[in-house]
Amino acid sequence: MTQTYRILIVEDEEPIAKMIAMNLRVANYEPHIIMDGREACEALKERHDYDLMLLDVMLPGMDGFALFAETRQYGIPVIFLTAKDDLSSKIQGLTGGAEDYIVKPFEVLELLVRMEKVLSRSGKGKNVEYFLDLTIDYARHAVSRNGQEISLKPMEFQLLEVLLKNRNIAISREKLLGLVWGVDFVGETRTVDVHIGQLRKKLGLGEQIRTIPKIGYRLEDA
């Protein structure tokens with residue numbers, strides 16, 4: 001059983017809002033879209049039990065900076081998603097209390113990773129997750145089955161964590177290298193293949209960790 005996080009998307013470009021919402025649903029989030037700043041402000045007065053807000057800056061009714069200032073009292077972590085890439089806007093957003101500032105266009109996988117980091121920093125992130133018959137304890141970096149701990153090397157655990165937090169999404173070997181080993185890692189994508197093989201063997205996930213030809217891997221729920 002996995003906890004579902006409520007994510008408010010305040011974005012006036014409908015295709016972008018729907019694209020984000022679709023990907024969040026795949027990643028087991030519960031997205032809600034509002035396309036007007038003033039409408040979002042009024043809606044938050046009635047209900048503000050969101051775990052995170054993805055907020056555009058250039059909105060009709062009320063811009064994102066003003067909306068953030070009006071709604072900071074609710075304690076909702078905010079990530080700005082905006083085309084405004086000038087330094088003054090970034091400084092205004094981050095010094096105003098936002099957790100992150102992402103400039104459009106962006107990769108969905110990058111957004112998901114940053115969201116998880118923000119949720120973790122704000123105390124809303126998952127400490128324990130369950131997948132099939134496995135229990136994953138992120139605080140202890142431990143995996144167990146029926147109370148029996150399964151020994152994973154640090155990089156194997158980090159690779160599993162990335163796959164779990166982006167389940168049902170195909171991730172390239174290059175992207176996995178960057179997320180797990182770091183952008184400065186000097187090595188071949190074969191490193192990923194070897195660690196995937198170990199995860200499949202140790203955790204019995206041969207069917208769930210799918211190889212996606214010419215791309216990489218995807219962890220599937222079933």
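Since this is a predicted model, take the numbers as computed values, not measurements.
The salt bridge (Lys or Arg N to Asp or Glu O under 4.0 Å) check on K18 picks up E14, with sequence neighbours excluded. Taking K84 as the reference, nothing meets the side chain to side chain donor-acceptor pair (under 3.5 Å) condition, with sequence neighbours excluded. Listed by chain and residue number, nothing satisfies the side chain to side chain donor-acceptor pair (under 3.5 Å) test with T95 (two or more places apart in sequence, or in another chain).
Hydrophobic cluster membership differs between V194 and I196, with clusters built from Ile, Leu, Val, Met, Phe, Trp and Tyr side chains linked at under 4.5 angstrom. Clustering ILVMFWY residues whenever any of their side-chain heavy atoms sit less than 4.5 angstrom apart, transitively, puts Y74 in the very cluster that holds V78. L132 and L163 fall within the same hydrophobic cluster, defined by Ile, Leu, Val, Met, Phe, Trp and Tyr side-chain heavy atoms under 4.5 Å apart, directly or through other members. Criterion: ILVMFWY side-chain heavy atoms under 4.5 Å apart, direct or through other members. Under it, I20 and V26 are part of a common hydrophobic cluster. Cluster membership check: L177 does not share its hydrophobic cluster with I212, using side-chain heavy-atom separations under 4.5 Å among Ile, Leu, Val, Met, Phe, Trp and Tyr.
Between D100 and K117 the shortest side-chain heavy-atom distance does not fall below 4.5 Å. By the 4.5 Å heavy-atom criterion applied to side chains, V143 and F157 are counted as neighbours. Put simply, the side chain of L203 does not reach to within 4.5 Å of the side chain of I209, judged on heavy atoms. With a 4.5 Å cut-off on side-chain heavy atoms, I79 and L52 count as touching. In this structure the side chain of L112 never reaches within 4.5 angstrom of the side chain of K165, judged on heavy atoms.
Looking at every heavy atom in both residues, P31 comes nearest to L24 through CB-CD1, 4.0 Å. Closest non-hydrogen pair, I33 versus A21, comes out as CD1-CB, 3.8 Å.
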Handout entry: side chain to side chain contact (heavy atoms under 4.5 Å, CB included) evaluation trace for V108 with M19
Key = CA-CA 9 Å; V108 172; M19 179 273 292; 3.6 Å; yes

Handout entry: F131 vs L219, side chain to side chain contact (heavy atoms under 4.5 Å, CB included): CA-CA, chis, key distance, verdict
Key = CA-CA 11 Å; F131 183 77; L219 177 65; 3.8 Å; yes

Problem - CA sep, side-chain torsions, deciding dist, call: E107, K175, side chain to side chain contact (heavy atoms under 4.5 Å, CB included) - result: CA-CA 11 Å; E107 290 189 31; K175 181 63 69 174; 3.2 Å; yes

Exercise for the section: Decide side chain to side chain contact (heavy atoms under 4.5 Å, CB included) for E149 and R140; before the verdict, give the C-alpha distance in whole Å, the side-chain angles of both, and the deciding distance to 0.1 Å. Expected result: CA-CA 11 Å; E149 191 163 316; R140 294 179 52 243; 3.0 Å; yes

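Of the residues listed (F68, Y101, F65), the one engaging L55 in a side chain to side chain contact (heavy atoms under 4.5 Å, CB included) is F68, and it is the only one. When each of T211, L159, I171 is paired with Y217, the side chain to side chain contact (heavy atoms under 4.5 Å, CB included) condition holds for T211 and for no other.
Of the possible polar contacts, none joining the D56 side chain to the L59 backbone as a donor-acceptor pair under 3.5 Å is found.
Rounded to the nearest 0.5 Å, atoms NE2 (H195) and CD (E156) are 5.5 Å apart.
For the residue pair Y138/E161, the side-chain donor-acceptor check at 3.5 Å is not satisfied. Residues N168 and D221 bring a donor and an acceptor atom of their side chains to less than 3.5 Å of each other.
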